[in-house]
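Note that these values count all heavy atoms, side chains included, but never hydrogens, waters or copies made by symmetry.
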Amino acid sequence: PVDLLISGIFLGLYFIFRTALDEDFSFKKTAITGGKLIGLAMLGFGLSAVFSFSTLHQVVNSPRVMGNVSLFDNLFSLGLQTESKVHYGTALMRLFSSDMLGTGSDFSGWGNYLEAPVFYSSILVLLLLPQVFTGATKRAKIVYSITIGFAFLTVIFPFFRYAFWLFSGDYFRFYSFGIMLFFIIMALRAFQSILQSGKVNLIVLAVTAMILFIALHSGSAFNVRAVDKTIKTVLWLIILYGSFIAMLNFPKTRMAGLILIGTTLLFEVGIMSGKTVNNRIAVKSEEFSQKTGYNDYSVEALSFIKSKDKGFYRITKNYMTDVAIHMAINDAKVQNYYGGTNYYSFNQLQYIRFFQETGVIQPGSETDTRWCLGYLNRPLLQLICNVKYVLTKAQVDPLLRIMNDSLTTFGDVSVRKSKFSMPLGVTYSSYMNHDDFKKLSPTGKDIALMKCVIQDSVEKMNTGGLTEIK
């Protein structure tokens, strides 16, 4: 559903952009065509509802939408505030290359490599873009100006970008790609006009190249540091593309210019994507036969547990799989067992609320609702959450030793079984009011959950026959 919404917004913007360029533009004709598109879109969404409704339900019933960590109020209240210098520097420098400020984990700009602004498609596009105004009609110039102006406006004032994401997050992601597509479309229209007319505005081309030269070396003014090697590559591409575009202005050199532009474009694709593709941290083939990552001795340990116990229970680890620079907390999904740690953009609302109430997740922390460590560091809480087995490496917490019996060892992984494991469903003879529960320490809350049920302060339950604990 989220992808459908984003695609629908950009399709609508492109429809307006495309129809506004038509010289025979009429509101009536545009309204009829737009109505048909909306009708077909609704029909398509209806047909896909059998697949998309469950995802939509999951998104809506998540902390980021219905919970108490929604960013809507915070982002909406910011209004037309500007961003930091690093933000603007990142947007500027990544016009020239996705890797201008580093690749992947080495990225040094605003945000992170994935979510930061990146408007790069080709240096050719940057040089051709201003040419779109040369020879264009008055209507076309207005449309182009509004399109480019709106793109700059959304970078300068992040409020419009927040609105695009329905005030659910502070990032660019697909939004950058959408702006990039409009830049490419306008550059292609400029290129088509040059081929049809045989004319290039050499003054505009020279000024564009000069502005790009200055912008390319202005990173330090925005507190960002570009990669020197990439700067040199972009500098040469500006010179080469600029020279070859200028050749299109002369009949005798036009064909040679086209061939050289195409050749340089192929070179740019190879050189600019080479670092991202070839010099990245990737899983090596030999790792599949080594006892590392997701193929460590956890595999044998899990197989042992499943062969001995066919019931329903949870398993936890006191270690993380070493496959990521950050925490790899989705081990249970990869290695196929029931765990408690989880990364997901839209975790279930009540799952997160449980950990908020027990003090695992701090109130108002939106990040923790996605990177949920669950009961990882709470051995007592693991009991109420149906944890029956624990896999450990290296040093073991003394409390874990007391609470669990050692069964066997596989390599560097020890298998332990809880002495006090509880089933997933339990009954209580006592209850505690939520207001009293909130006053307890984290350990006190863990103990309370093993002794009594907690009565919600809003939705009262029938406590007849239950003893109140204060």
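A salt bridge (charged side-chain N to carboxylate O under 4.0 Å, His left out) check over residues 335-363, counting only residues at least two apart or in different chains, returns the pairs R353-E357, R353-D456. For residues 199-252, no pair satisfies ring pair (Phe, Tyr, Trp, His ring centres under 6.0 Å), with sequence neighbours left out. For residues 37-61, the set of pairs meeting the salt bridge (charged side-chain N to carboxylate O under 4.0 Å, His left out) definition, not counting sequence neighbours, is empty. Within the structure, the side-chain hydrogen bond (donor to acceptor under 3.5 Å, both in side chains) test picks out the following pairs touching residues 113-125 (sequence neighbours left out): D99-Y113, N112-E115, E115-R173, Y120-E268, S122-E268. Applying the ring pair (Phe, Tyr, Trp, His ring centres under 6.0 Å) test to pairs two or more places apart or on separate chains, those with a residue in residues 329-351 are F312-Y338, Y343-W371, Y351-F355.
Distance CD1/I156 to OG1/T82: 9.5 Å, rounded to 0.5 Å. Note that the CG atom of L260 and the OG atom of S243 stand 9.5 Å from one another [nearest 0.5 Å]. For the atom pair CZ (R225) and CD1 (I231), the distance works out to 8.0 Å, reported to the nearest 0.5 Å. Rounding to the nearest 0.5 angstrom, the gap separating the CD1 atom in I384 from the CG atom in D446 is 9.5 Å. Annotation: the span from N318 atom CG to L376 atom CG amounts to 8.0 Å, rounded to 0.5 Å. We find the CG-CD1 distance between L153 and I148 to be 13.5 Å, quoted to the nearest 0.5 Å.
In this structure, L381 and F354 have side chains that are in contact, with non-hydrogen atoms separated by less than 4.5 Å. Contact check for I261 versus L124: side-chain heavy atoms found under the 4.5 Å cut-off. With a 4.5 Å cut-off on side-chain heavy atoms, L95 and M100 do not count as touching. T358 is not listed as a side-chain neighbour of Y375, based on a closest heavy-atom distance of 4.5 Å or more. Looking only at side-chain heavy atoms (C-beta outward), R314 and L424 come within less than 4.5 Å of each other. For the pair T33 and T19, the minimum side-chain heavy-atom distance is 4.5 Å or more. With a 4.5 Å cut-off on side-chain heavy atoms, I146 and I142 count as touching. The shortest side-chain heavy-atom distance between I315 and V387 does not fall under the 4.5 Å cut-off.
K291 forms a cation-pi arrangement with Y297, by the criterion of a distance under 6.0 Å to the ring centre and an angle within 45° of the ring axis.
Remark: side-chain polar atoms of K445 are not paired, donor with acceptor, to backbone N or O of F437 under 3.5 angstrom. One N or O on the side chain of T137 and one on the backbone of A140 form a donor-acceptor pair closer than 3.5 Å. With hydrogens and angles disregarded, a donor-acceptor distance shorter than 3.5 Å links the side chain of S218 to the backbone of A215. Judged purely by atom type and a 3.5 angstrom limit, T154 has no side-chain atom pairing as donor or acceptor with the backbone of F160. With R94 contributing its side chain and G109 its backbone, the two residues share no donor-acceptor pair below 3.5 Å. Side chain of Q335 to backbone of Y294: a donor-acceptor contact under 3.5 angstrom is found.
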key: Verdict with reasoning, Y319 to D331, per side chain to side chain contact (heavy atoms under 4.5 Å, CB included)   = CA-CA 10 Å; Y319 58 93; D331 289 14; 5.5 Å; no
ask   = So K393 and V413, side chain to side chain contact (heavy atoms under 4.5 Å, CB included) or not? Walk me through it.
value = CA-CA 5 Å; K393 284 185 179 181; V413 175; 3.5 Å; yes
message = Could you walk me through whether T369 and Q356 satisfy the side chain to side chain contact (heavy atoms under 4.5 Å, CB included) test, starting with their C-alpha distance in whole Å, then the side-chain angles of each, then the deciding distance to 0.1 Å, before giving a yes or no?
response = CA-CA 9 Å; T369 67; Q356 287 176 329; 4.3 Å; yes
key: Steps toward side chain to side chain contact (heavy atoms under 4.5 Å, CB included) verdict (L101, W110)   = CA-CA 10 Å; L101 300 179; W110 177 88; over 6 Å; no
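Nearest heavy-atom pair, H87 versus R161, reported as atom, atom and distance to 0.1 Å: NE2-NH2, 3.7 Å. In terms of heavy atoms, F76 sits closest to F167 at CD1-CZ, 3.5 Å. The two atoms that bring F10 and I179 nearest to each other are CE2-N, 4.2 Å, heavy atoms only. Closest heavy-atom contact between A301 and L391: CB-CD2, 3.9 Å. Across all non-hydrogen atoms, the minimal contact from N347 to R370 is ND2-O, 3.5 Å. In terms of heavy atoms, G34 sits closest to F15 at N-CZ, 3.5 Å.
None of Y175, F159, Y171 except one satisfies the ring pair (Phe, Tyr, Trp, His ring centres under 6.0 Å) rule with W165; the exception is Y171.
Crowding of K232 atom NZ: a count of heavy atoms from other residues, nucleotides or ligands under 6.0 Å not exceeding 12. The environment of NE2 in H57 is sparse: at most 12 heavy-atom neighbours from other residues, nucleotides or ligands sit within 6.0 Å.
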Only distances under 3.5 Å count here; give the side-chain donor-acceptor pairs of residues 186-210 to other protein atoms, sequence neighbours excluded, each with its distance to 0.1 Å.
unit_1: R189; atom_1: NE; unit_2: Y144; atom_2: OH; d: 2.9
unit_1: S197; atom_1: OG; unit_2: S193; atom_2: O; d: 2.8
unit_1: S197; atom_1: OG; unit_2: K199; atom_2: N; d: 3.3
unit_1: N201; atom_1: OD1; unit_2: I203; atom_2: N; d: 3.3
unit_1: N201; atom_1: OD1; unit_2: V204; atom_2: N; d: 3.1
unit_1: T208; atom_1: OG1; unit_2: V204; atom_2: O; d: 2.7

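A salt bridge does not link D22 to K29: none of the charged nitrogens lies less than 4.0 Å from a carboxylate oxygen.
Ring centroid separation for the pair F164 and F172 does not come in under the 6.0 Å cut-off.
The aromatic rings of F182 and Y14 are tilted relative to each other, their planes meeting at an angle between 30° and 60°.
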